[in-house]
Amino acid sequence: DVKVTQSSRYLVKRTGEKVFLECVQDMDHENMFWYRQDPGLGLRLIYFSYDVKMKEKGDIPEGYSVSREKKERFSLILESASTNQTSMYLCASSLWASGTDNEQFFGPGTRLTVL
Amino acid sequence: GEDVEQSLFLSVREGDSSVINCTYTDSSSTYLYWYKQEPGAGLQLLTYIFSNMDMKQDQRLTVLLNKKDKHLSLRIADTQTGDSAIYFCAEGQNSGGGADGLTFGKGTHLIIQP
């Protein structure tokens, strides 16, 4: 079974702190994604990566950056956390974009609170 | 841009059928997905359908696709309390390369009444 793990289930940070959210997948997937989930807004794509060191902006990249130094690991970075970044963050991975291989497998989520 | 719409809530009685509806705008969508999110958990793929199909059945789940109207539905027969969750419709394309995230609806909260 594909396993996508996220480093923390719950995280509390202060405004202005630098925050790292880590995601690891164990199935050699090419693609990895970071979403945030907010009530009434569903899932919104922040960034995705289709290869090591490659990244693309999603729908709401402002205030975030990402890093993919190794294929299995995709990090989301909040350079200076703000209260409007309080949210549930979901990581996902998929084998490839074509065919049914673009099925995405999700991690359990990290609930981040910024005070 | 692409858009996927779902109603936010659906309430059904235990044992009845649930029908969750979804509309999408991108006519080039190749694959359409239903994901389930239980409280406090990530999303799990329930089922998917290719755009050249109009129906897919998998045990208690039936997916219907009307490509002309860009309408997708998920029917859950004999709804149980364990079906209580948020159900997300998502669409994706066979882009032949590159990542391209899926486009998700906002999710439908399925509430089961005893």
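Convention: sequence-line order gives letters A, B, ...; per-chain numbering from 1. Below, all heavy atoms of this structure are taken into account, side chains as well, without hydrogens, waters or symmetry copies.
With hydrogens and angles ignored, the 3.5 Å screen pairs no side-chain donor or acceptor of Thr110(A) with any backbone N or O of Leu112(A). With hydrogens and angles ignored, the 3.5 Å screen pairs a side-chain donor or acceptor of Thr79(B) with a backbone N or O of Asp16(B).
If you measure heavy-atom distances from Arg9(A) to chain B, the contacts under 4.5 Å come from the side chain alone. If you measure heavy-atom distances from Leu45(B) to chain A, the contacts under 4.5 Å come from the side chain alone. Neither the backbone nor the side chain of Gln6(B) comes within contact range of chain A, judged by heavy atoms closer than 4.5 Å.
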| Residue pair Cys22(B), Glu5(B): steps toward the side chain to side chain contact (heavy atoms under 4.5 Å, CB included) verdict | CA-CA 6 Å; Cys22(B) 169; Glu5(B) 297 284 340; over 6 Å; no
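Note: Gly40(A) leads Cys91(A), Gly40(A), Gly58(A) in heavy-atom pairs under 4.5 Å with chain B. Considering only heavy-atom pairs separated by less than 4.5 Å from chain B, the leading option among Glu56(A), Met88(A), Gln37(A), Gln6(A) is Gln37(A).
The 12-atom threshold is not exceeded at CD of Gln44(B), counting heavy atoms of other residues, nucleotides or ligands nearer than 6.0 Å.
Aromatic ring orientation, Phe74(A) versus Trp34(A): tilted (interplanar angle from 30° to 60°).
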